[in-house]
Amino acid sequence: MTKTLDESAVQSADNVWTMAQSQLDEVARLIGLNDSVHKYIRYPKRILEVSVPVRMDNGDFNMFTGFRVQHNMSRGPGKGGIRFHPAVTLDEVKALAMWMTWKCALVNIPFGGAKGGVICDPKSMSMQELENLTRRFTTEISIIIGPEKDIPAPDVYTTPQIMAWIMDTFSMQHGYSIPGVVTGKPISIGGSLGRDKATARGCLYVIDEAMEALGIPVEGARVAIQGFGNAGLHAATLMRDRGYTIVAVSDSRGGVINRTGLDVDAVIKHKEATGSVSSYSGGDAISNKDVLECDCDVLIPAALEKVLTIDNAPKIKARIVAEAANGPTLPEADEILHDRGIMVLPDILANAGGVTVSYFEWVQDLQANFWEEDEINQRLKRIMTRAFRETYQQAQSYRVNMRKGAYAVAVGRVAEATILRGLYP
Ligand code: GLU
């Protein structure tokens, strides 16, 4: 007898893909999701694994493995970033693709969910090697991407320059410029104003909403940020400008804490000069892990998955945790934080500003008509505020945490599209 997908699924306690599926399963029960639809949306629609030969600077060539996963396209083309990281796995990319489906549905933009990844260590590669890798990876996945099919974007360790190479490679293969194939591009080749800061800006807007809902004043509120890449760095400056005090930041090499507030511009200069925030002298050293437990009002995990666990959840001091990273909280930690009265703004809400401005970028590219930054930020604010309120309302009415509230909204929208379209053939 043939095994169903359920029977052959490998289960493992802290596997992110299992975690993503169980988050969906719980909400399916909560909202009474139609059984057939539930089965349908538990699995990715399409998985492509590619081998990527790359000529290295020493003349040899190396083989890399890459993935593009399209989870669901009921509401529109696939959308989601590409990460370059040594720890990328297919299960991780599957989870990230599923989270993109819910994220796009939550902010109600007409995209499905997808994600890509290449197992590599970009920090040890030259620009030429990165370009070679990007161009060949793009070529290998070109059969399933395109402005109407699936639109990649930046993610962990991928940059606007890398998006430019993706756009150029795809365009050269088709014989004309196709800026809408990828978002997060440099402005001069069809990128959008505001896209670089969009993830952090969206995060700020939902934190502001949460502060208001919980009656915590912004003035004097202390913020700790784990991760100082695109999301973490911009979150530090935008939150500082809004009146929050940034007390601790960290990156993979370590962190720094100053209870009276860090000089964010000086920290950024230090990172630019040394490659890390870790040895910055305007505060005390703290590990990348301990930043999570430091004394603060708002904690922003802005790095990688699975950092909030059953071990540190009881020690978190923040009142709000805003997930700028994807998947930082394990399900058991989620329960502990909720029971302790800490509001977790889930990834699909807290970091949805990035994909929202990616959507604006794609619309501008298709129309060849570009908007002012003010207009972009205003539209972003409207969308993020609405998504927060819809999430909060669902969380209140089901008496559940904000993640389940957000899933209730998002899964409901994907289910509606799936039912309306019906099963082909
Ligand atoms: N990588 C980002 C995310 O996880 C952005 C995706 C996009 O802009 O398509 O949401």
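These numbers were taken from a predicted model, which means no experiment stands behind them. Whatever order the structure lists ligands and atoms in, that order sets their numbers, starting from 1. Start at 1 with the first residue, then count along the sequence.
Of the protein's non-hydrogen atoms, S358 OG, 2.5 Å is the one closest to atom 8 (O) of ligand 1. Of the protein's non-hydrogen atoms, the one nearest atom 9 (O) of ligand 1 is K79 NZ, 2.7 Å.
In A352, neither the side chain nor the backbone holds a heavy atom less than 4.0 Å from any atom of ligand 1. Contacts between K115 and ligand 1 below 4.0 angstrom, taking non-hydrogen atoms only, involve the side chain exclusively. Under 4.0 angstrom from ligand 1, the non-hydrogen atoms of N326 all belong to its side chain.
Considering L349, T101, V414 in turn, L349 is the only one that fulfils the side chain to side chain contact (heavy atoms under 4.5 Å, CB included) rule with L106. Only one option out of R201, K381, R242 pairs with D208 in a salt bridge (charged side-chain N to carboxylate O under 4.0 Å, His left out); it is R242.
Considering both main-chain and side-chain atoms, A153 never comes within under 3.5 Å of ligand 1 through any nitrogen or oxygen pair.
Selection from R195, M163, K103 by nearest heavy atom to atom 3 (C) of ligand 1 gives K103.
Formation of a donor-acceptor pair under 3.5 Å by the T89 side chain with backbone atoms of E92 is found in this model.
Around atom CD of E372, no more than 12 heavy atoms belonging to other residues, nucleotides or ligands sit under 6.0 Å away. More than 12 heavy-atom neighbours from other residues, nucleotides or ligands sit within 6.0 angstrom of CZ on R340.
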Let me see the working for D365 and K185 under salt bridge (charged side-chain N to carboxylate O under 4.0 Å, His left out), right down to the final yes or no.
CA-CA 11 Å; D365 288 339; K185 299 178 296 294; 2.7 Å; yes
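Against a heavy-atom cut-off of under 4.0 Å, D155 is close to the following atoms of ligand 1: 1 (N), 2 (C), 4 (O). For ligand 1 and M100, the ligand atoms under 4.0 Å from any heavy atom of the residue are 3 (C), 4 (O), 6 (C), 10 (O). The contact set between ligand 1 and V355, taken as ligand atoms under 4.0 Å from a residue heavy atom, comprises 7 (C), 8 (O), 9 (O).
In this structure, the side chains of Y40 and L423 come closer than 4.5 Å at one or more pairs of heavy atoms.
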